[in-house]
Amino acid sequence: MPTFLDPQKLRDPTAGARYLLGAVIERRLDDGTILKGRIAETESYHQSDPASHTYRGPSARNAAMFGPPGHAYIYFTYGVHWCFNVTAGVEGEGAGVLIRAIEPLAGIERMREFRKGAPDAQLTNGPGKLAQALAIDKMLYGHDLRQPPLQVYDAGNVKASSITTATRIGIRLAADELLRFYITDSPYVSKK
DNA sequence: GATAAGATTAACT
DNA sequence: GTTAATCTTATCC
């Protein structure tokens, strides 16, 4: 029996970002195909963080992050890419964890189709890439991650000694904060 | 109503 | 290393 995420462990978004490393994302496509991936890299965003979409308070865009933890916050950026986050914090608090990279575990053939042309090593090693590989878009905005067709399972903790802490990628504000975490020896990390 | 910037990626030179 | 792609949201008129 797979174990679902414990929302209690997402109440602190930074502890939640560490907790989500090693967790397994399961995506069920409309035709029944199952895609799976192990989370290899995450970033934490909290409400008093100038780099967070929730910094200026609730809005239509960021509403999911102010809801209960363990749901999907999905946003579109640079006119091109969808990015997938797991909501964190307590209800009413705007926080989330960006999933930056996963290791493909199942359904890799389908991921190659969705990521047309990309070599295997670059299938899911970035936030926009993994969303494309798993066919995640705004249809899943606010989705409860305990329910199909998009679920996240707790696969046991990754050893603290195998987690690397680093600065976040692609942000302008609070760029020095060490709020990015990745599995040190994973080949699917977006950037060392 | 208009405009600037963005939690990115891929295709260039 | 540089830049285009492409569009939503926020933040102003």
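Keep in mind that the numbers below use all heavy atoms, side chains included, and drop hydrogens, waters and symmetry copies. Naming: A, B, ... by sequence-line order, numbering from 1 per chain.
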Sub-4.0 Å heavy-atom contacts from [range] onto DNA chain B, ordered by number:
{"range": "residues 127-136 of chain A", "answer": "A:P127, A:G128, A:K129"}
{"range": "residues 86-116 of chain A", "answer": "A:L98, A:R100, A:R115"}
{"range": "residues 168-186 of chain A", "answer": "A:I169, A:G170, A:I171, A:R172"}

Using 0.5 Å steps for rounding, measure from the CD1 atom of A:I39 to the CZ atom of A:R100. 13.5 Å

Excluding sequence neighbours, so at least two apart, what forms salt bridge (charged side-chain N to carboxylate O under 4.0 Å, His left out) with A:D6? none

Tell me whether A:L123 is reachable from A:V189 by hopping between hydrophobic residues (I, L, V, M, F, W, Y) whose side-chain heavy atoms are closer than 4.5 Å. no

Below 4.5 Å, heavy atoms only, C-beta onward: do [X] and [Y] meet side chain to side chain?
{"X": "A:R38", "Y": "A:I183", "result": "yes"}
{"X": "A:I25", "Y": "A:I99", "result": "yes"}
{"X": "A:L5", "Y": "A:Y19", "result": "yes"}

Inter- and intrachain pairs under salt bridge (Lys or Arg N to Asp or Glu O under 4.0 Å), touching residues 157-177 of chain A, at least two apart: A:D49-A:R168

Keeping to residues at least two apart or across chains, list the salt bridge (Lys or Arg N to Asp or Glu O under 4.0 Å) pairs with something in residues 132-156 of chain A. A:D144-A:R146

Toward the 5' end of DNA chain B, by each residue's nearest nucleotide, A:A118 or A:N85: A:N85

Do the side-chain N and O atoms of A:S44 and A:H46 include a donor-acceptor pair separated by under 3.5 angstrom? no

Side-chain donor or acceptor of [X] paired with backbone N/O of [Y] under 3.5 Å:
{"X": "A:T165", "Y": "A:F181", "answer": "no"}
{"X": "A:T184", "Y": "A:S162", "answer": "yes"}
{"X": "A:Q132", "Y": "A:F114", "answer": "yes"}
{"X": "A:H71", "Y": "A:L145", "answer": "no"}

List the residues meeting side chain to side chain contact (heavy atoms under 4.5 Å, CB included) with A:A133, not counting sequence neighbours, and say none if there are none. A:M111, A:R115, A:T124

Canonical and wobble pairing (Watson-Crick, G-U, under 3.5 Å) of DNA chain B, dot-bracket with |: ||||||.|||||.

A:N62: partners by side chain to side chain donor-acceptor pair (under 3.5 Å), with sequence neighbours left out: A:S59

Counted 5' to 3', the first and last nucleotides of DNA chain B within 4.0 Å (strictly under) of a heavy-atom of chain A are B:dG6 to B:dA10

Who are the ring pair (Phe, Tyr, Trp, His ring centres under 6.0 Å) partners of A:Y75, not counting sequence neighbours? A:H53, A:Y73

Using the rule given for side chain to side chain donor-acceptor pair (under 3.5 Å), can you reason through A:T14 versus A:D12, listing the C-alpha separation, both sets of side-chain angles and the distance that settles it, and then say yes or no? CA-CA 6 Å; A:T14 300; A:D12 175 65; 4.5 Å; no

Given protein heavy atoms under 4.0 Å, the one-letter contact record of nucleotides 3-13 of chain C, with B base, S sugar-phosphate only and - none, is simply --BBB-SSS--

Which whole number of Å gives the distance between the P atom of C:dG1 and that of B:dA7? 23 Å

